[in-house]
Protein chains: 2
Amino acid sequence: MRQETRLSLILDLLAEKGSVTVTELVEALEASSASIRRDLELLESQHLLSRTHGGAVAGGLAYELPLRYRGGRNKEEKQRIAAVAATRVGEGPLSLGLTGGTTTTEVARALVNHKGLTIVTNALNIASELALRPNLKLIVTGGTARSESYELVGPLAEASLEGMNLDLAFVGVDGISADVGLSTHHEVEAHTNRVLIERTRRVIVVADGSKVGHKAFARICPPSGVSELITDASADADALQQLENAGIKVTLA
Amino acid sequence: MRQETRLSLILDLLAEKGSVTVTELVEALEASSASIRRDLELLESQHLLSRTHGGAVAGGLAYELPLRYRGGRNKEEKQRIAAVAATRVGEGPLSLGLTGGTTTTEVARALVNHKGLTIVTNALNIASELALRPNLKLIVTGGTARSESYELVGPLAEASLEGMNLDLAFVGVDGISADVGLSTHHEVEAHTNRVLIERTRRVIVVADGSKVGHKAFARICPPSGVSELITDASADADALQQLENAGIKVTLA
DNA sequence: TACAAAACGATCATAAACATGCAATATGAA
DNA sequence: TTCATATTGCATGTTTATGATCGTTTTGTA
């Protein structure tokens, strides 16, 4: 097995379980203990975990799953959602906001061939992917980077958004329901996303079915701020009905 | 098969799978491993992927590992410069600025083990690499992304910097000389870097020897704004002497 | 504290992957 | 067609990753 694969899998296991043992990794990755130790040493030098005797524990990002891990799940659904989302974006001069998240990242990828777009984002991973596309104008908000989500948040991010007026925004969330509205796990992230939504004429939420009807810790905004939800067929039917009653157009990808 | 065809197929495979191996590509594209390696090298130079041993991973993707610890050819000087630069940074609460550039990127890598640092940068690639580190506080300026340099520039970037006061900054340049001072190829980049320098108490220029005595198109600031230059032994001796006469401490890494 | 088992780091030989120089081939312009 | 340039594949020596061995350190238990 290749080193890069091993490193990824070790981080996956760590994200899932919080700690791993060398013996466990030797079996799971079919590598020698020497290689496992070398891998752990490397990851520790990058501050991605802390070594213990017999294994390692997650360093810093234990409770919220890192973005890379969540990215693997439901990738096909997210790509279908993103493909539908891209059809909502016309050609021509248009200012478009993108918040962080794996689904919005797929939306960004679906938009790389559009022309004349100005894309505003507070997601570092999206910014990195779009930065070298000459056909797009990319504006990044400032802010403090959150290692768990790769989002730029806080007062600087919000101040950056103050002067902008966006035609359309795709927003990723951890939960959307008719009574609470949009919600996410982190309160500062929620506040920053709310500012972006307030500066946007038309807001479309992109979220896979598992988020529908769910309520996460921090509320972003009530359902009234949202024009449309694009999700997949695994979403709970009752929750979708309630969202439609609340005036949100629902599209299944 | 034509090179152009290979390049797009490689990118297609990467987009689909996240990572590829050289062996895999040799079979799929029916080309020699030498050609595949040349292709990967080319794509890496355009920030479209990151090479690993045995293959490559999608570049700019936040949820793949920052595996760029592997050194290229001429990176040795830059790494030595970066190692010296890191010794100028003490432990403890300290606010540190980093502009874009390959040398400053090496400085960022040399700083990942420091604790208590607040790092402010307008370079997207540096931000992506540092965002994962829980031991650092990372603040990204806003701004418009330049695809050539991965830097965030313009009024938004400058407004982001207005409220900050930095203890120390490492600045990358395209040219440094005693009469003109610091210069770079792009005027907007120059202006943004100038604002960062104005907000900083102590400015250290990091540049390999080929930049010393050189004058690029756009002037950033006069030599008086700079405390120290860290470069390598290939720098022109006369130019170094003039810089020292202008009050800049010169260190050869 | 003493002891045994497990885990650890260091070292080494092997094998895979790597960069590079060079000759042959393919491509595009005159 | 003919020449100039660029690209390709092979062969070379070099670097890097890996797994086994061995002596040392840590951990858990009596």
Side-chain angles (χ1 to χ4, degrees), chain A residues 1-14 17-59, chain B residues 1-14 17-59 64-80 82-83 102 106 109-110 113 208 234:
Chain A
M1 175 172 310
R2 306 192 34 231
Q3 182 193 38
E4 163 224 327
T5 315
R6 287 202 314 270
L7 297 178
S8 281
L9 286 174
I10 291 172
L11 290 179
D12 280 350
L13 282 170
L14 259 184
K17 307 169 56 173
S19 72
V20 289
T21 68
V22 171
T23 325
E24 186 179 306
L25 291 172
V26 166
E27 289 182 19
L29 308 184
E30 294 174 356
S32 73
S33 59
S35 293
I36 296 296
R37 284 183 231 286
R38 276 186 281 251
D39 292 343
L40 294 180
E41 194 178 355
L42 173 64
L43 291 172
E44 184 181 42
S45 77
Q46 311 253 325
H47 294 272
L48 295 170
L49 53 77
S50 298
R51 295 190 64 185
T52 62
H53 298 253
V57 297
Chain B
M1 175 173 307
R2 308 185 42 122
Q3 183 190 36
E4 184 189 314
T5 315
R6 286 202 315 271
L7 295 180
S8 34
L9 282 177
I10 291 173
L11 290 179
D12 283 349
L13 279 172
L14 259 184
K17 307 171 54 176
S19 73
V20 290
T21 68
V22 171
T23 326
E24 188 178 303
L25 291 173
V26 166
E27 289 182 20
L29 308 184
E30 294 174 356
S32 73
S33 59
S35 294
I36 297 296
R37 285 184 232 285
R38 277 185 280 251
D39 292 344
L40 294 180
E41 193 177 1
L42 174 64
L43 291 172
E44 185 182 42
S45 74
Q46 312 207 357
H47 298 265
L48 292 170
L49 52 77
S50 296
R51 296 190 64 185
T52 64
H53 273 240
V57 297
E64 290 293 345
L65 283 174
L67 282 179
R68 315 254 212 103
Y69 51 86
R70 181 174 327 288
R73 241 166 317 232
N74 53 349
K75 293 207 172 161
E76 284 189 12
E77 285 90 0
K78 296 179 196 234
Q79 283 174 344
R80 279 206 306 275
T102 51
E106 291 297 336
R109 289 173 187 159
N113 288 317
D208 64 76
S234 73

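Within every chain, numbering begins at 1; the chains are lettered A, B, ... in the order of the sequence lines, protein sequences first and strands thereafter. If you're wondering where the values come from, they're calculated on a predicted model, not measured in any experiment.
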Where along nucleotides 18-30 of chain D does protein come under 4.0 Å, by heavy atom, of base (B) or sugar-phosphate alone (S), with - for untouched nucleotides?
BB------SS---
[X]: side-chain hydrogen bond (donor to acceptor under 3.5 Å, both in side chains) partners, not counting sequence neighbours:
X	answer
A/R2	A/E4, B/T52
A/R37	none
A/T5	none

For [X] and [N], what is the distance between atoms [atom1] and [atom2] respectively, to the nearest whole Å?
X	N	atom1	atom2	value
B/I36	D/dT7	CD1	P	15 Å
A/E44	C/dC8	CD	P	11 Å
B/L7	D/dT8	CG	C1'	14 Å
B/L42	D/dA6	CG	P	14 Å

Between B/R109 and B/E106, does at least one N-O distance fall below 4.0 Å, as a salt bridge requires?
yes
For residues 24-31 of chain B, please give each side-chain donor-acceptor pair under 3.5 Å, one per line with the distance, not counting sequence neighbours.
residue	atom	partner	partner atom	Å
B/E24	OE1	B/T21	OG1	3.4
B/E24	OE2	B/K17	NZ	2.8

Under 4.0 angstrom, heavy atoms only, what part of the nucleic acid is A/T23 near: base, sugar-phosphate, or nothing?
sugar-phosphate
What nucleic acid atoms does B/T21 come within less than 4.0 Å of, heavy atoms only: base, sugar-phosphate, or nothing?
nothing
Residues in side chain to side chain contact (heavy atoms under 4.5 Å, CB included) with B/A83, at least two apart?
none
